[in-house]
> 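Got a structure here, written out as structure tokens. Questions coming.
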Amino acid sequence: MADTSNGKIPFSSFRADKTAKICVLGHRGLVGSAIVRKLREIGFTNLLLRTHSELDLTRQNDVESFFASEKPRFVILAAAKVGGIHANNTYPADFIAINLQIQTNVIDSSYRHGVQKLLFLGSSCIYPKFAPQPIPEDALLTGPLEPTNEWYAVAKIAGIKMCQAYRIQYGWDAISAMPTNLYGPNDNFHPENSHVLPALMRRFHEAKVNGAKEVVVWGTGSPLREFLHVDDLADAVVFLMESYNELGHVNVGSGKEVTIKELAELVKEVVGFEGQLVWDSSKPDGTPRKLMDSSKLAKLGWTPKVSLKDGLINTYKWYLENVKQ
């Protein structure tokens, strides 16, 4: 068995063989679709993709037989049950059980069927509600979680720990990455349950189309948030698959903060809405600040390339072409 006392195991290149079979799970979502675009862009020709109807990752026997027959060399696990505060509060059992099932089935089958390397994607919600800002990787498990998404967060923490456990016990190369707030093509623009950036984009667009004089936004606009274009995350995933081979999980963020007010003004400009922006300060602001410390990844040699404005222009173009008006 390899010496895994420092979490490192024998290393081999991810990018060397463009015909290697790479399984991207969750390939139709915001993250998975960006990873597929990136892999194709750099020349990978043998991507293994399955929809939920073709492969239900919660069914252990189905996952087992898929890995036994297909034998991918690399696995990127971007599949998860996700949702906003309302969904997490309404369906806590679904959020913990489905995510634990997906992770356990995929990670275990990957190891037992000879996958060379696996990357597990989590979320910044794994960190304590009152974590220090910016949030370093070692803030994990140092305090209580945000109650509105703790079921999802606990499942994601279990995924990180499972990758670490398989590395320690079996000398198997499983790594984890935790992205900040993501946006871009294939985002969820649903009127009720989308995140702040796509929600603003949709509202400004509809106000522009309908000739509205104003758009009302909740809160004061003062909270600070960090956003990363999903194409940058995909680039970071390829970088980590090639260059990272250690026990600890890695934060993936832009390192840049913007107030919700600044974000709203920028989205308004990109969409071309010319009416007034009105803040309803009677509504809650949420957490005042949430920034990831991505210095570990920067020291490894990766930094994001897409500016927020360019990313918003790209996202709005995708919205106009793909979201039913």
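Start at 1 with the first residue, then count along the sequence. What you are looking at is a predicted structure, and each value in this text was computed from that prediction instead of being measured.
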> Are side-chain N/O atoms of D94 and Y152 paired as donor and acceptor at under 3.5 Å?
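The answer is no; no qualifying pair exists.
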
> Shared ILVMFWY cluster between I42 and I35, side chains joined below 4.5 angstrom?
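They do share one cluster, since a chain of ILVMFWY contacts under 4.5 Å joins I42 to I35.
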
> Does atom CH2 of W302 have more than 12 heavy-atom neighbours from other groups under 6.0 Å away?
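Yes - once you tally the heavy atoms of other residues, nucleotides and ligands closer than 6.0 Å, there are more than 12.
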
> Is any NZ, NE, NH1 or NH2 atom of the basic residue among R50 and E70 found under 4.0 Å from an Asp or Glu carboxylate oxygen of the other?
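Salt bridge present between R50 and E70.
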
> Heavy-atom count around Y91 OH within 6.0 Å, excluding the residue itself: above 12?
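It does not: Y91 OH has 12 such atoms or fewer within range.
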
> Are V306 and Y316 co-members of a hydrophobic cluster defined by side-chain heavy atoms under 4.5 Å apart?
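Unlinked, Y316 and V306 end up in two clusters.
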
> Strictly distance-based, threshold 3.5 Å: is any side-chain N or O of E242 a donor or acceptor partner for the main-chain N or O of F239?
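Checking the backbone N and O of F239 against the side chain of E242, no donor-acceptor pair under 3.5 Å is found.
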
> Are L118 and W172 side-chain neighbours, meaning at least one heavy-atom pair lies under 4.5 Å?
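In short, these two side chains touch, coming nearer than 4.5 Å.
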
> Any carboxylate oxygen within less than 4.0 angstrom of a Lys/Arg side-chain nitrogen, looking at E41 and R37?
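Between R37 and E41 there is no salt bridge, as every charged N stays at least 4.0 Å from the carboxylate O atoms.
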
> Any sub-3.5 Å donor-acceptor pair from K18's side-chain atoms to R15's backbone N or O?
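Yes; at least one donor-acceptor contact below 3.5 Å.
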
> Donor-acceptor check, side chain of D108 to backbone of T104, threshold 3.5 angstrom: yes or no?
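No: the side chain of D108 does not pair with the backbone of T104.
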
> Looking just at side-chain N and O atoms, do Y244 and K296 make a donor-acceptor pair shorter than 3.5 Å?
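On atom types as modelled, these side chains qualify, holding a pair under 3.5 Å.
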
> Could you see if L312 belongs to whatever hydrophobic cluster contains L320? Use Ile, Leu, Val, Met, Phe, Trp, Tyr and a side-chain cutoff under 4.5 Å.
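They do share one cluster, since a chain of ILVMFWY contacts under 4.5 Å joins L312 to L320.
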
> Would you give the length of the straight line joining atom CD of E137 to atom OG of S294, rounded to the nearest 0.5 angstrom?
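E137 CD to S294 OG: 7.0 Å, rounded to 0.5 Å.
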
> Would you please test D187 and W318 for side-chain hydrogen bond (donor to acceptor under 3.5 Å, both in side chains) and show each step?
CA-CA 10 Å; D187 208 340; W318 184 90; over 6 Å; no

> I'd like to know if the side chain of K156 and the backbone of M178 have a donor-acceptor N/O pair within less than 3.5 Å.
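No.
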
> OG1/T220 to CG/D285 distance, rounded to the nearest 0.5 angstrom?
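Going from the OG1 atom of T220 to the CG atom of D285 covers 3.5 Å.
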
> With hydrophobic residues grouped by side-chain heavy-atom distances under 4.5 Å, do L224 and L308 end up in a single group?
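No; tracing contacts between hydrophobic side chains, which count when under 4.5 Å, never links both residues.
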
> Look at E64 together with R112 and state whether they make a salt bridge at an N to O cut-off of under 4.0 Å.
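Looking at R112 together with E64, the answer is yes, because their closest N to O distance falls below 4.0 Å.
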
> Are any side-chain N or O atoms of N210 and backbone N or O atoms of A212, one a donor and one an acceptor, separated by less than 3.5 Å?
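Not at all, since once roles are kept as given, no pair shorter than 3.5 Å links the two residues.
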
> State the CD1-CG distance between I135 and L140, to the nearest 0.5 angstrom.
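Separation between the atoms: 11.0 Å.
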
> For the pair E257 (side chain) and E226 (backbone), establish whether a donor and an acceptor sit closer than 3.5 Å, ignoring hydrogens and angles.
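No.
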
> Can you tell me if T287 uses its side chain to pair, donor with acceptor, with the backbone of R289 under 3.5 Å?
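Here the side-chain-to-backbone pair does not exist.
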
> Is it true that K305 and D231 have a side-chain N and a carboxylate O under 4.0 angstrom from each other?
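Salt bridge: no.
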
> D56 side chain to H52 main-chain N or O, any donor-acceptor pair under 3.5 Å?
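No; zero donor-acceptor contacts below 3.5 Å.
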
> When you look at N46 and T19, which way does the side-chain hydrogen bond (donor to acceptor under 3.5 Å, both in side chains) test go after all the steps?
CA-CA 5 Å; N46 201 355; T19 64; over 6 Å; no

> Surrounding NZ of K261 (heavy atoms of other residues, nucleotides or ligands, distance under 6.0 Å), is the total greater than 12?
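No, NZ of K261 has 12 or fewer neighbouring heavy atoms, counting only those of other groups under 6.0 Å.
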
> Report the C-alpha separation of V24 and L48 in whole Å, then their side-chain angles, then the decisive distance to 0.1 Å, and conclude whether the side-chain contact (heavy atoms from CB on, under 4.5 Å) test is met.
CA-CA 6 Å; V24 182; L48 198 53; over 6 Å; no

> Assess, by modelled atom type and distance only, whether the side chains of S33 and N186 contain a donor and an acceptor separated by less than 3.5 Å.
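Yes, because at least one side-chain N or O of S33 sits under 3.5 Å from a partner of the opposite role on N186.
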
> Please confirm whether the backbone N or O of W218 pairs with a side-chain atom of D280, one donor and one acceptor, at under 3.5 Å?
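Such a contact is absent between D280 side chain and W218 backbone.
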
> Could you give the distance from OG (S110) to CZ (F66), rounded to the nearest 0.5 Å?
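S110 OG to F66 CZ: 9.0 Å, rounded to 0.5 Å.
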
> Pair N181, H195 - check side-chain hydrogen bond (donor to acceptor under 3.5 Å, both in side chains), show working.
CA-CA 9 Å; N181 300 309; H195 292 293; over 6 Å; no

> Under the ring-ring contact (aromatic ring centres under 6.0 Å, His included) test, which residues partner F204, sequence neighbours left out?
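Result, ring-ring contact (aromatic ring centres under 6.0 Å, His included) vs F204: F273.
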
> How many angstroms lie between atom CG of N245 and atom CZ of F14, to the nearest 0.5 angstrom?
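Going from the CG atom of N245 to the CZ atom of F14 covers 14.0 Å.
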
> Do the side chain of S65 and the main chain of D62 share a donor and acceptor less than 3.5 angstrom apart?
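Yes; judged by distance alone, with no hydrogens or angles, the pair exists.
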
> Run the salt-bridge test on K268 and E274 with the 4.0 Å N-O cut-off and return the result as yes or no.
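Answer for the salt bridge query: no.
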
> Measuring from atom CG of D293 to atom CG of N251, what distance do you get when rounded to the nearest 0.5 angstrom?
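If we round to the nearest 0.5 Å, D293:CG and N251:CG are 6.5 Å apart.
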
> Any chance NZ of K71 has more than 12 other-residue heavy atoms, nucleotides or ligands included, within less than 6.0 Å?
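Yes - once you tally the heavy atoms of other residues, nucleotides and ligands closer than 6.0 Å, there are more than 12.
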
> Please say whether more than 12 non-hydrogen atoms of neighbouring residues, nucleotides or ligands are located less than 6.0 Å from CZ in R28.
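No, because the 6.0 Å sphere around CZ of R28 holds 12 heavy atoms or fewer from other groups.
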
> Here's a test for you: under side chain to side chain contact (heavy atoms under 4.5 Å, CB included), which of V75, L240, I76, D173 qualifies with K117?
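With K117 as partner, side chain to side chain contact (heavy atoms under 4.5 Å, CB included) holds for just one option, D173.
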
> If you apply the rule side-chain hydrogen bond (donor to acceptor under 3.5 Å, both in side chains), what do you find for N88 with T148, and how did you get there?
CA-CA 6 Å; N88 274 270; T148 55; over 6 Å; no

> With side chains defined as the heavy atoms from C-beta onward, is the minimum distance between W279 and I260 less than 4.5 Å?
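A side-chain contact exists here, since the closest heavy-atom pair is under 4.5 Å.
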
